[in-house]
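For reference, the structure is listed below as structure tokens.
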Number of protein chains: 2
Amino acid sequence: MGRRILVVDDEPDILELTRLSLVREGYEVETAATGEEALACLRRSRPDLVVLDLMLPDRPGTDVCRVIRTTPELSDVAVIMLTARGDEVDRIVGFELGADDYVTKPFSPRELGLRVKAILRRGVEEKTESEHLKQHGLELDLSRHRCLHRDEEIALTAKEFLLLAALMRRPGRVLTRERLLEEVWGEGIAVTLRTVDTHMKRLREKLGPAGDLIDTVRGVGYRFRE
Amino acid sequence: MGRRILVVDDEPDILELTRLSLVREGYEVETAATGEEALACLRRSRPDLVVLDLMLPDRPGTDVCRVIRTTPELSDVAVIMLTARGDEVDRIVGFELGADDYVTKPFSPRELGLRVKAILRRGVEEKTESEHLKQHGLELDLSRHRCLHRDEEIALTAKEFLLLAALMRRPGRVLTRERLLEEVWGEGIAVTLRTVDTHMKRLREKLGPAGDLIDTVRGVGYRFRE
DNA sequence: TCACATCGTCACCGAATCGTCACATTTCCT
DNA sequence: AGGAAATGTGACGATTCGGTGACGATGTGA
């Protein structure tokens, strides 16, 4: 669980020091010096937590944070902001921006380590509910948006992933196309029912042999093998 | 679906911040500052969930929670308690009070949002959990759309399944062809009455020995053995 | 900007399912 | 027993349903 961290700061020294201290505490650490770099890395490797400097060369850290929170695939990533003074803390943490915590510069590695640990632990607690589905060798990591079959990664698109998640959340239960549309696409969205079929086909295709785990119940809907 | 939330807290700031963050996540939110207000609002607008501070000016939140749980019309409302420390958690969430979850102050809106989402989802699932009919070794699971006879699966078509369900829902009672048409095919559908006979035949055939459980009541209709 | 991935829709096909009919059988009545 | 009415049964054509491949629109990263 929660192990991978991205550190974003434009000062090479701070970046390196932070990286080292976190690595020493057992985390996998990546680094980025700009907001763009950071976003690219986020999309690529989906870390569990981002330590984000408020001041970056290309765009403010607040901006990056906002992008993270408004991107569905990233919204589970925890964010710790690095800020010069404790001023705008209220705005940063939580409300307007949705960061999970902040640390004022200058900070000791130990302090950061403690915050990181606390945040990640909280994250784990939240996620233990059912963010991880596992059935018949098929594994879905909801928070990380990943799908494994016999430990081999299967690349799914957003819709395919949500579709599979909806089915796997209630194994054995038949879900009508209407229900699936509602759950995956959202309520009141105007999409043909048959669209579900198409996505189901693509999903089965990608799942390969595991595609058989999805049953078609003629005249009713689809169901995941119990 | 679960959308409406009541937030109860006596601190205006927290109240407003919480309200905002929940509204932003797409919920309809009402607020109350006292226990009495909260109960009034509950009775009036029946929200799906209450976020309830433990400390209120007029009466403890635990008290409010107890009232909710012991009022039949309100017992479906989910409750999330806000508490200062993780101390009395067991008592709160467990049997004594019957809250569904708790969040310790201070909390980030994100954290609360996640809890809310989880709780509401759970509620929906429980309510959708549907019938399971079982008679004379014949078993019908509506939500899974499965039919078992002595633990052996019997594959039924949609119509056959609905027909059998209609009969099994009222064992011993005779259902006319008209009634069955209405129930299985829907009202105002133009289908010959004799169509029911045909489906009944196919159904009995598939049920094998259990087919005898369906009696024909000459001149009236069909009935499932009591 | 371009290439590429994703998504929604459509049209077509084969197969499962359905509805109806004609005929056989049973039941009930006189 | 004889006949009428109701139900069982088998066959057949019609319809529905889901799988599938293709296409165009849209969005997104390089």
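Throughout, protein chains are lettered first and strands after them, A, B, ... in sequence-line order, and every chain is numbered starting at 1. In this text, all values refer to a predicted model and were calculated from it rather than measured experimentally.
For the pair A/Asp197 CG and C/dC13 C1', the interatomic distance rounds to 14 Å; values are reported in whole Å. Atom-to-atom, CE of B/Met200 to C1' of D/dA6 comes out at 15 Å; the value is rounded to the nearest Å. We find that CG of A/Leu193 is positioned 13 Å from C1' of C/dG8, with the value rounded to whole Å. Rounded to whole Å, the distance from CG on A/Leu207 to P on D/dG19 is 14 Å. The nearest whole Å value for the distance from the CZ atom in A/Arg43 to the C1' atom in D/dA30 is 12 Å. Between the C1' atom of C/dT17 and the CD atom of B/Glu160 lies a distance of 9 Å, rounded to the nearest Å. B/Lys206 places its NZ atom 8 Å from the P atom of C/dC18, with the value rounded to the nearest Å. Atom P of nucleotide C/dC7 and atom CG of A/Leu203 are separated by 11 Å, given to the nearest angstrom.
Between C/dT20 and B/Thr198, no contact under 4.0 Å exists linking OP1 or OP2 to a side-chain N or O. In terms of phosphate contacts, A/Tyr222 brings a side-chain nitrogen or oxygen within less than 4.0 Å of OP1 or OP2 of D/dG19. For the pair A/Thr192 and C/dG8, the criterion of a side-chain N or O lying under 4.0 Å from OP1 or OP2 is not met. Phosphate proximity of C/dC18 to B/Thr157: present, with a side-chain N or O under 4.0 Å from OP1 or OP2. One finds a side-chain N or O of A/Trp185 lying less than 4.0 angstrom from the OP1 or OP2 phosphate oxygen of C/dG8.
For A/Arg194 and D/dG19, a side-chain-to-base donor-acceptor distance below 3.5 Å is present, hydrogens and geometry of angles not being considered.
Between A/Val174 and B/Arg146 there is no side-chain heavy-atom pair separated by less than 4.5 Å.
Between A/Glu25 and A/Lys117 there is no salt bridge, since no side-chain N of the basic residue sits under 4.0 Å from a carboxylate O of the acidic one. Using a 4.0 Å cut-off between charged side-chain N and carboxylate O, B/Asp48 and B/Arg3 make no salt bridge.
Closest approach to the B/Arg204 side chain among D/dG8, C/dT20, D/dA5 is made by D/dG8 (side chain taken as heavy atoms from C-beta onward). For B/His199, whose side chain is taken as the heavy atoms from C-beta onward, the closest listed nucleotide among D/dC23, C/dG19, C/dT17 is C/dG19.
In this pair, B/Phe224 and B/His136 present their aromatic rings tilted. The plane angle is within the 30 to 60° band.
The residue A/Thr216 sits close only to the backbone: its heavy atoms come under 4.0 Å of sugar-phosphate atoms, none of a base. Backbone-only engagement by B/Val217 is indicated by non-hydrogen atom pairs under 4.0 Å involving sugar-phosphate atoms exclusively.
Under the side chain to side chain contact (heavy atoms under 4.5 Å, CB included) test applied with A/Val50, the options A/Val77, A/Ile80, A/Ile5 reduce to a single match, A/Val77.
Each of A/Arg177 and A/Lys201 has a nearest nucleotide on DNA chain D; the 5'-most of these lies closest to A/Arg177.
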